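If you're wondering where the values come from, they're calculated on a predicted model, not measured in any experiment. Per chain, numbering begins at 1; letters A, B, ... match sequence-line order.
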2 protein chains.
Amino acid sequence: MFLSRKKGRAVTRPRSRRGGGRPTIADVARKAGVGAITVSRALREPGRVSEDLRRQIQAAVDELGYVPDPNARALASARTEVFGVLVPSLTNNVFAEVVRGIYDSLSDSPFRIQMGNTHYSGLEEERLLQVFALQRPAALIVAGIDQTPLSRKLLETAGCPVVQVMETGPDPVDMLVGFSHFDGGRTATEHLIEVGYRRIAFIGARMDPRSQRRLAGYRAAMEAAGLFDLRLVTTTPLLSSVTLGRELLRDALAKMPALDGVFCNNDDIALGVLFECHRAAIAVPKTIGIVGFNDLDMMQAAFPSVTSVRTHRYEIGRRAVAMALAAIAGQRPQQRVVDLGFELIHRESTAR
Amino acid sequence: MFLSRKKGRAVTRPRSRRGGGRPTIADVARKAGVGAITVSRALREPGRVSEDLRRQIQAAVDELGYVPDPNARALASARTEVFGVLVPSLTNNVFAEVVRGIYDSLSDSPFRIQMGNTHYSGLEEERLLQVFALQRPAALIVAGIDQTPLSRKLLETAGCPVVQVMETGPDPVDMLVGFSHFDGGRTATEHLIEVGYRRIAFIGARMDPRSQRRLAGYRAAMEAAGLFDLRLVTTTPLLSSVTLGRELLRDALAKMPALDGVFCNNDDIALGVLFECHRAAIAVPKTIGIVGFNDLDMMQAAFPSVTSVRTHRYEIGRRAVAMALAAIAGQRPQQRVVDLGFELIHRESTAR
DNA sequence: CCTTTTTATGGTAGCGCTACCATATTTTCC
DNA sequence: GGAAAATATGGTAGCGCTACCATAAAAAGG
């Protein structure tokens, strides 16, 4: 029910017309006997307010239960305490870990997180970036370095620190934390070659730019050893899954029955390959060697355990936040590109 | 009082002092030759503005590339276009799928998503809820029904639609979408009993409230069949993982070497149990039957494939959003509690 | 026809906060 | 000891938008 249906009756105290009655900075200022700005300063830059007033103000804040309104703050200062995070998938364990690192690093800062899911689509990424840029975020963290020209321009003109993650490269928009997928793919393949496998297949799903680079690394290693053959490569645009791994191994074997090793695009695929080997009674590592990518927990638990390229996803998230926070604080890091590397973890699936 | 500038320096056009030069609603209004409010209305409630003006305004908007500032909007209207989403884990596939459903359902709405990770902690949840409530979110979606009293009060007084997800029950804060973990646990266990297993273990990690209810369902089924024995239950507060599944099966076998069936808290554990069986040369399903929970993709691909309780995580996310949107639109659904159920998927791991 | 109601539009006044500048007060320096 | 510089505090004026009310014009009633 509303105050006045007809003629605006008497003045009816317009106090907190819409605000929901929460205490405002003015209430705190009044109670503490100081100016509103001083309260604002005491909260944001305590060093610039005298010990005395600071205590008074803190008392008033506590008593009233005052908490600053983030929207008003954002409007007045033209900047928000929001990190925009853009990833291609929410269910892919790899990005989930990066995001977890980001969350954990931000959990006791005043910053909030707004997440976007690009579904591996450049267009979707552009759209989300447009939306995010409007918020004047404190920082943007985006996966990958293969932005469309428009996306790249949006990032460059966002007016906030930008961290690209999950890759490495010479030309970041601003900052970059990750590792070389090419090197990862090459290292994995070289390992298979070293151990004695020869007809080594590449099996990959959803060939996003990172997968492409792993494939390029595989190819480089195979060519260097004089072993490359296009019929060894099996890919699909479908989303990666364990089931798909099984199917792809069947396809690969159909094309090339004699293959004796598999470098898998990722661990889900690798697990599917392993299961298919079980089902087809193919001995691992004797008949076929398997290497995965990312080293999810299950690779270690599998039977036989599976060799995989361990990547530091959680740490990537943490470093990205650390760099962004430093940049916000005005300290651009001397190192704009951080390569966190990877490690090949040798396990039973290639132990022969 | 201090109107005069003392040294009246030149007027220095205070235009867009902080705004970064983006066009504002006033710019659009000027260009279209209408009042600012009319622009605002044309954008939010086109029906209330005449066809004519609407076209003019749209033209001005397009020409200037105007996009409303969400912060100003939030401040003026005391409401944001943000969905707050609170989940206990970002890496747990189960919640990742719920979140994906939420994202997908919201992707072409004006609503943004702000996510929080409670790390399975009630305190953390309280803290995040406090923060979220300050934003005056458009809706809140939280996992579970076991909020602390404070959290529950925060939800009740949030002044927006609230959807609890992943469970079912008689007394939601506002709305509730999920299924019965108790029934899921019981059904899984009953299946094992029916097929002929007798010494059926329960193996579970991180016993959150949902796991507890699954355990209760297991217990109910076992007791009904006169088969319950405390030594059959193996749990740990550790976070769930495939590796942990292996270890827990070893523990369970140590306590009860004769066990012939396992109901696993979730699929990660189930996979670990399966691998441990392989490693210990225990025949599945002959010697031991295995049932998992959630029916992740890998259960179907595993060898042998693993019986599991399929839950509808993605759909839960979608329904939660649908209900919240309806409530925002003023149509509280007649059904405040939606039980999306589950299905037991019979597979090789219990086929005997 | 002249009211009463509806429809369309606009003006004003904030939402709660901070940037910018001004003023007072203290400290530093030669 | 007086001027200059540093420190502490506050007033004013918005940030860009929408709620509320007023007004004008058109439609509906009798």
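The side chain of A/Thr24 lies closest to C/dC17 when the candidates are C/dC15, C/dC17, D/dT18. Closest to the side chain of B/Ala76, from the set C/dG14, C/dA19, D/dG14, is C/dG14. Counting only heavy atoms from C-beta on, B/Asp69 has its side chain closest to D/dG16 among D/dG16, C/dG16, D/dT18. Which of D/dG16, D/dT18, C/dT18 sits closest to the side chain of A/Ile25 comes down to C/dT18.
Atom pair A/Arg73:CZ and C/dC15:C1' shows a separation of 16 Å (rounding to whole Å applied). Atom CZ of A/Arg136 is separated from atom P of C/dT18 by 16 Å (rounded to the nearest Å). Remark: P of D/dA13 and CG of A/Leu75 are 18 Å apart, rounded to the nearest angstrom. Atoms CG (A/Asn71) and C1' (D/dG16) sit 12 Å apart, rounded to a whole Å. Protein atom CG of B/Asp27 is 9 Å distant from nucleotide atom P of D/dC17, rounded to whole Å. In this structure, A/Glu81 atom CD and C/dC17 atom P are separated by 13 Å, rounded to whole Å.
With respect to A/Glu156 and A/Lys153, no salt bridge is recorded, no charged nitrogen being found less than 4.0 Å from a carboxylate O.
Contact check for A/Val142 versus A/Phe132: no side-chain heavy atoms found under the 4.5 Å cut-off. With a 4.5 Å cut-off on side-chain heavy atoms, B/Arg332 and B/Met175 count as touching.
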- Task: Summarise protein proximity over nucleotides 6-12 of chain C in one line of letters, 5' to 3': B for base, S for sugar-phosphate only, - for none, counting protein heavy atoms closer than 4.0 Å.
- Result: ---BBBB
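The side chain of A/Arg44 contributes an N or O atom lying less than 4.0 Å from OP1 or OP2 of C/dA19. Distances shown here put a side-chain N or O of B/Ser40 below 4.0 Å from the OP1 or OP2 atom of D/dT18. Remark: A/Arg79 is not in phosphate contact with C/dC17, judged by side-chain N or O atoms under 4.0 Å from OP1 or OP2.
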- Item | Derivation and outcome, salt bridge (Lys or Arg N to Asp or Glu O under 4.0 Å), residues B/Arg54 and B/Glu51 | CA-CA 5 Å; B/Arg54 218 185 311 155; B/Glu51 180 72 30; 3.8 Å; yes
- Task: Start with the C-alpha gap between B/Asp27 and B/Arg22, add the side-chain angles, then the distance that decides, and say whether salt bridge (Lys or Arg N to Asp or Glu O under 4.0 Å) holds.
- Result: CA-CA 10 Å; B/Asp27 298 326; B/Arg22 242 168 47 192; over 6 Å; no
- Message: Under the criterion salt bridge (Lys or Arg N to Asp or Glu O under 4.0 Å), I'd like the reasoning laid out for A/Arg127 against A/Glu124: C-alpha separation, chi angles, the key distance, then a yes or no.
- Response: CA-CA 5 Å; A/Arg127 197 185 65 76; A/Glu124 188 68 9; 3.1 Å; yes
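At the heavy-atom level, B/Arg54 lies nowhere under 4.0 Å from the strands shown.
Side-chain contact check for B/Asp52 and B/Gln56: no donor-acceptor pair (N or O, by modelled atom type) lies under 3.5 Å.
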